[in-house]
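Here's the structure, in C-alpha cells; my notes come after.
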Amino acid sequence: MSQISVTINGEHIQAEEGMTILEAARGAGIFIPTLCHHEQLESYGSCRLCVVEIGTGERKKVVASCLYHISEGLVVETETEKINGFRRTILNLLMHRWDNIPAILLEKYGAKSNERFIDNMTYCILCGLCVRFCHEVKGANVLGFIGRGTIRQVVIFPNQSAKYCASSCPDEMECLHYCPTGVISSQYYGSRPADGQALPHAAPVCINEDLNILEVLERVGHV
Amino acid sequence: MSYSLAKVDQIIDGYGADKEALIQILLDIQHEFRWLSRETLMHTADRLGLPMNQLYNVTTFYKHFSLVPQGRHAVSVCVGTACHVRGATRLLDRVAQGLKLSPDETSADEKFSLKTVSCLGCCALGPVMVFDGKYMSNPTSNEIAEIVEECE
Ligand code: SF4
Ligand code: FES
Ligand code: FES
C-alpha cells in the first residue's frame, strides 16, 4: 500500500491508501469520538458521532469518518462548529436512552437532556456491536435486529444460542464486552449458557423460533 | 393458496439461489402465498446460505412483508391526512363493521385482511378504500356489504 498525504485540522499527515479518515486520524493521534466503531469489526456507520467535514469552500461536505476512505490531498476538519453541533444533537437524543453516557463526551460537546424527548432508558443505542461481533467474529448469529424506527431492537434467537453459544464462546459470553452501554453484560453476566441451552431471555426481547410468529410479532408491536 | 416448498424452490432457482437477490426472492414468495411462513424463511435461509437473523432483520424492516397469513382479499382504508379530514375514521368504522375485522386483522377463514394506509395519492377521491386493487371513493355500508357478499 502506498503512502498518501492528507490534511486533518490543518496538519499534514502521511497515511496509507485505503484507510478510512478515522484510521488516519487515530494513527496521527487526532481524536474523533465514536460509539459504533470497533477495530475488529467492519465499519457500520450507525451512531454518526464520528462525522467530519471534508473538502474546502463551496465543496465542503459532512461524512462519517469511519466509512469514508481517504484519497491524496483530502482536507478534513474534525471539530468545526457545525460538526460539534451535530454531535451535540446526537448525544442529546442518546441521553434519553442511555443515562450514563461518558461524561467526557457530554461535557466536550455541551450535550444536555431536552424535555421535549421522552425518556426511554433501554440502554440499547442500536450500535449493533454485539450483533456484528457474534456474526463477523463468531459466525454464530445468535443476536439480531428486528423491526425498524422506534421499535427496532436487538433480540436473541434462542435456538441459535442453544446451538452455538457454548461452543463458540466456551469461557464466557464474549459479546458482553462489546456493548458500550453495558446493557447486555448487566443482564447476562455470569449466565453463559451450557451446551444445548438457550440464553435466558430477559430484555432485550427475544424471538423464540419455536413460538408462533404471530405471538412474536405481537410482542414486538408489529401486529 | 397452500404453501409448497417446491414453488419456493422454483422462485429461488429463478434467481440462481443468489443471496444478493434476497429481497426480490422474498417479494416473489410473498406475492405467491401472500405471506411468509417460518418454514419458508428457514428454507430460504438454508438455500441462500444466510443466517435466520438476517431474514428476520429484512422481513421485519419492510412493512410490505407479512409474517402472518393474509386474507384472499386485501382491503385497505386510507387514513392519510386528506382522507382523515374527509371522514376516513367513519369509513374505517363502516368497513371494519362490514368485514367484522379490526385494522391489521385477517379473518379466521383467511377471506379478508383489513389494513390502513397513509395516502394513496388520490386525495380528491377521499376518503378512499382499495378493494383488491380497485379504488372506491367513500363507499356506503350497503356498497361494502355488497362486495363482501360477492366475494368467494
Ligand atoms: S455468547 Fe452467544 S451471543 Fe454472545 S458472542 Fe458468544 S455465541 Fe454470540
Ligand atoms: S463510528 Fe462512525 S458512525 Fe459510529
Ligand atoms: S390522504 Fe388518502 S389518498 Fe391521500
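What you see below is based on every heavy atom in this structure, not just the backbone, and it leaves out hydrogens, waters and symmetry mates. All chains are named by letter (A, B, ...) in the order of the sequence lines, taking the proteins before the strands, and each is independently numbered beginning at 1.
- Applying the side-chain contact (heavy atoms from CB on, under 4.5 Å) rule to B:Val8 yields the partners B:Tyr3, B:Leu5, B:Ile12, B:Ile29, B:Phe33, B:Thr40, B:His43, B:Thr44; only residues at least two apart in sequence or on another chain are considered.
- Around NZ of A:Lys163, the count of heavy atoms belonging to other residues, nucleotides or ligands within 6.0 Å does not exceed 12.
- The two residues A:Gly144 and B:Asn53 make their nearest non-hydrogen contact at CA-CB, 4.1 Å.
- In this structure, the separation between OG1 on B:Thr59 and CD1 on A:Ile146 is 9.0 Å, given to the nearest 0.5 Å.
- The local environment of CD in B:Glu20 is sparse, with at most 12 non-hydrogen atoms from other residues, nucleotides or ligands closer than 6.0 Å.
- Around CD of A:Glu42, the count of heavy atoms belonging to other residues, nucleotides or ligands within 6.0 Å does not exceed 12.
- Between B:Thr60 and A:Gly147 the shortest heavy-atom distance is OG1-N, 2.7 Å.
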